[in-house]
A.B. asks: 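Before anything else, here's the structure in question.
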2 protein chains.
Amino acid sequence: MTQACAHIIDDDEAIRDALQWLFKTRGVATRLWPSAEAFLEAWQADWPGCIVLDIRMDGMSGLECFEALLARGNRLPVIFVTGHGDVPMAVAALKKGAYHFIEKPFNDNDLVDLVEQAIAHDDENRQAAADRGTVEARLATLTAREREVMDLILEGKFNKVIADELAISMRTVEAHRSRVFDKMKVRSAVELAQMLTALR
Amino acid sequence: MTQACAHIIDDDEAIRDALQWLFKTRGVATRLWPSAEAFLEAWQADWPGCIVLDIRMDGMSGLECFEALLARGNRLPVIFVTGHGDVPMAVAALKKGAYHFIEKPFNDNDLVDLVEQAIAHDDENRQAAADRGTVEARLATLTAREREVMDLILEGKFNKVIADELAISMRTVEAHRSRVFDKMKVRSAVELAQMLTALR
DNA sequence: GTCGCTATTGTGGAATACCGCAAGATCGCC
DNA sequence: GGCGATCTTGCGGTATTCCACAATAGCGAC
């Protein structure tokens with residue numbers, strides 16, 4: 001499941017099959033889900049790709065599914081598909097972060113293009129998230145004391161001042177500082193600042 | 001014109017007046033424009049507030065006006081209002097960066113709420129832009145050589161290495177470095193890195 | 001208890017950064 | 001030619017960083 005794919009969630013088997021065939025001819029991998037519930041149950045945060053989500057379905061609606069995904073921190077771009085949408089619904093969905101909102105009947109090529117854009121978009125997100133992930137993983141290896149020292153380093157303070165504020169000796173600060181650089185895999189305070197400021 | 005206001009662009013005088021009255025009762029300053037052309041002619045990049053833009057108008061349409069504003073780097077949130085919109089139009093507008101898309105007839109309170117949110121949103125944007133502006137203004141005071149040195153500092157290099165790469169003496173690098181810190185109003189390379197990384 | 005991790009401190013020295021003062025050279029502008 | 005901005009360099013000295021080596025102490029896990 002490391003392969004990016006378009007998750008097609010629709011309770012109409014004929015549509016699922018038609019979309020599967022469509023995407024197959026265009027070289028886009030798909031995975032089919034007969035209901036929002038089924039998808040939510042299987043959903044994993046690290047799945048790459050995008051979601052093509054029908055709004056009107058038996059059981060949980062596409063909008064409810066979207067909300068549930070939001071609550072779980074879903075990052076996959078969601079493309080809504082509906083035959084009975086309206087402007088307020090589309091606006092609300094997009095403002096909540098949906099990737100697109102398209103009405104049936106749609107042009108096949110348009111949908112494929114959208115899905116490809118969404119998958120590419122997800123790729124970028126995923127890359128950025130991975131970068132953040134590695135930095136956070138390194139942060140996680142720091143001890144509490146090391147993090148305290150790091151914070152003060154990031155305020156541009158001298159070891160001397162840090163030693164004062166933490167009421168420890170300068171030598172100790174140096175030791176922590178050295179370990180911080182080591183664990184964060186940077187060679188200077190400047191690199192550290194850039195790495196962490198990039199996280200926002 | 002330093003006061004944030006809602007720019008109402010509509011070719012129907014009755015609607016303009018009605019909206020002006022509505023916003024006045026809710027304490028939102030407004031400015032009325034009878035056409036997209038009139039607004040575009042007067043438009044200034046530093047106006048704060050938001051835009052309420054009717055789509056169907058004689059002459060230039062709201063959508064065309066929006067495109068023109070995009071091309072000019074407009075930052076004001078745009079709220080589209082229309083009686084004849086459809087889903088694709090709304091989706092396209094939002095994906096291009098419009099703030100909202102609302103259909104007539106609309107609930108007065110909804111529109112006022114939207115406008116207030118948009119103005120608040122613009123305030124935040126403007127604050128962030130101002131921060132970027134001050135940093136960029138400082139950057140602009142740097143000489144070419146100082147910027148070169150700064151770039152190398154931001155790569156975490158020692159003065160010695162920088163001197164080598166630029167084929168100048170270490171003392172010269174120190175002089176530039178000192179002036180860079182001075183002009184950028186920072187006291188350490190760490191602060192500099194944070195200030196510039198925050199710009200993205 | 002022993003082992004491993006963490007926090008702590010010290011010594012001593014080499015490498016760098018930082019600062020004030022002074023000054024030569026180039027270049028464009030009036 | 002004179003003026004101002006910029007780039008350049010050196011001297012001498014202080015402050016800070018960085019590193020290797022060495023060592024003590026607390027604390028939780030097995």
Side-chain angles (χ1 to χ4, degrees), chain A residues 131-200, chain B residues 131-200:
Chain A
D131 293 345
R132 280 196 300 278
T134 59
V135 174
E136 274 159 13
R138 289 174 194 168
L139 277 178
T141 67
L142 297 181
T143 66
R145 203 55 157 169
E146 284 163 358
R147 209 167 301 186
E148 277 185 281
V149 172
M150 187 186 74
D151 289 342
L152 296 175
I153 290 173
L154 290 176
E155 289 175 23
K157 291 174 176 165
F158 295 138
N159 289 349
K160 196 186 202 174
V161 179
I162 297 174
D164 255 17
E165 291 191 22
L166 297 181
I168 56 182
S169 89
M170 237 178 74
R171 297 291 164 250
T172 309
V173 174
E174 288 178 24
H176 286 312
R177 182 186 188 115
S178 169
R179 277 192 295 271
V180 167
F181 284 2
D182 201 42
K183 289 183 178 179
M184 298 303 292
K185 298 194 196 298
V186 295
R187 287 188 61 262
S188 67
V190 171
E191 285 181 49
L192 186 63
Q194 288 175 334
M195 173 178 275
L196 294 180
T197 309
L199 284 186
R200 188 147 323 279
Chain B
D131 293 345
R132 280 196 300 277
T134 58
V135 174
E136 275 160 11
R138 290 175 193 168
L139 277 178
T141 67
L142 297 181
T143 66
R145 204 53 159 169
E146 285 163 357
R147 210 166 300 185
E148 279 185 280
V149 172
M150 186 187 74
D151 288 343
L152 295 176
I153 291 173
L154 290 176
E155 291 176 21
K157 291 175 175 165
F158 294 137
N159 288 350
K160 192 186 201 174
V161 178
I162 297 174
D164 256 15
E165 291 191 21
L166 297 181
I168 55 181
S169 88
M170 233 178 77
R171 189 58 194 81
T172 308
V173 175
E174 287 177 26
H176 287 312
R177 181 185 189 115
S178 169
R179 277 192 295 271
V180 167
F181 284 2
D182 201 43
K183 289 183 177 178
M184 297 302 293
K185 298 193 197 299
V186 294
R187 286 189 62 263
S188 68
V190 171
E191 284 181 51
L192 186 64
Q194 288 174 334
M195 173 179 274
L196 294 180
T197 307
L199 285 186
R200 190 145 321 279

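The analysis underlying the following values was restricted to heavy atoms, covering all of them including side chains, and did not include hydrogens, waters or symmetry mates. Sequence lines set the chain letters: A, B, ... in the order given, protein chains first and strands last, and positions in each chain run from 1. Quick caveat: nothing in here was measured; it's all calculated off a predicted structure.
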A.B. asks: Just to be sure I understand the rule, does B:S169 reach a base, reach only the sugar-phosphate, or reach nothing, if contact means heavy atoms closer than 4.0 Å?
C.D. replies: sugar-phosphate
A.B. asks: Which whole-number value in Å describes the distance from B:L166 CG to D:dC7 P?
C.D. replies: 12 Å
A.B. asks: Using a 4.0 Å heavy-atom cut-off across all strands, classify A:R179 as base, sugar-phosphate, or nothing.
C.D. replies: base
A.B. asks: Counting N and O atoms only, with roles assigned by atom type, does the side chain of B:T197 sit under 3.5 Å from a partner on the main chain of B:Q194, one being a donor and the other an acceptor?
C.D. replies: no
A.B. asks: What are the two closest non-hydrogen atoms of A:G156 and B:S188, and how far apart are they?
C.D. replies: CA-OG, 3.9 Å
A.B. asks: Counting neighbours of CZ on B:R147 that are heavy atoms of other residues, nucleotides or ligands and sit closer than 6.0 Å, is the number greater than 12?
C.D. replies: yes
A.B. asks: In a check of side chain to side chain donor-acceptor pair (under 3.5 Å) between B:N159 and each of B:E174, B:H176, B:R177, which one passes?
C.D. replies: B:R177
A.B. asks: Select one nucleotide: of C:dT16, D:dT9, C:dC19, the one nearest the side-chain heavy atoms of B:T172.
C.D. replies: D:dT9
A.B. asks: Distance check: side-chain N/O of A:K160 vs OP1/OP2 of D:dT16, anything under 4.0 Å?
C.D. replies: yes
A.B. asks: Which of the following nucleotides, C:dA7, D:dT9, D:dT16, is nearest to the side chain of B:A175?
C.D. replies: D:dT9
A.B. asks: Separation of B:K157 atom NZ from D:dT17 atom C1', in whole Å?
C.D. replies: 20 Å
A.B. asks: Could you state the CD-P distance from A:E174 to C:dA7, rounded to the nearest angstrom?
C.D. replies: 16 Å
A.B. asks: Base, sugar-phosphate, or nothing: which does A:T143 touch, judged by heavy atoms less than 4.0 Å apart?
C.D. replies: sugar-phosphate
A.B. asks: Report the distance from atom CZ of A:R187 to atom C1' of C:dT16, rounded to the nearest whole Å.
C.D. replies: 13 Å
A.B. asks: Output the single nucleotide from D:dT9, D:dT16, C:dT8 whose closest atom is nearest the side chain of A:F158.
C.D. replies: D:dT16
A.B. asks: Which of the following nucleotides, C:dA7, C:dA17, D:dT8, is nearest to the side chain of A:E146?
C.D. replies: C:dA7
A.B. asks: Assess whether side-chain contact (heavy atoms from CB on, under 4.5 Å) is satisfied between A:L196 and A:L139, documenting all intermediate values.
C.D. replies: CA-CA 10 Å; A:L196 294 180; A:L139 277 178; 4.1 Å; yes
A.B. asks: Can you tell me how far P of C:dA7 sits from CZ of A:R147, to the nearest Å?
C.D. replies: 11 Å
A.B. asks: With a 3.5 Å cut-off and heavy atoms only, can you find an N or O donor on one side and an acceptor on the other between the side chain of A:R171 and the base of C:dG10?
C.D. replies: no
A.B. asks: Verify the contact: side-chain N or O of B:N159 to OP1 or OP2 of C:dA17, cut-off strictly under 4.0 Å; return yes or no.
C.D. replies: yes
A.B. asks: How many Å lie between NE2 on B:H176 and P on D:dA5, as a whole number?
C.D. replies: 16 Å
A.B. asks: Could you state the atom-to-atom distance from CZ of B:R177 to C1' of C:dT16 in whole Å?
C.D. replies: 9 Å
A.B. asks: What's the CG-P distance between B:D182 and D:dT6, to the nearest Å?
C.D. replies: 13 Å
A.B. asks: Between B:R145 and D:dT8, is there a contact of a side-chain N or O with OP1 or OP2 at under 4.0 Å?
C.D. replies: yes
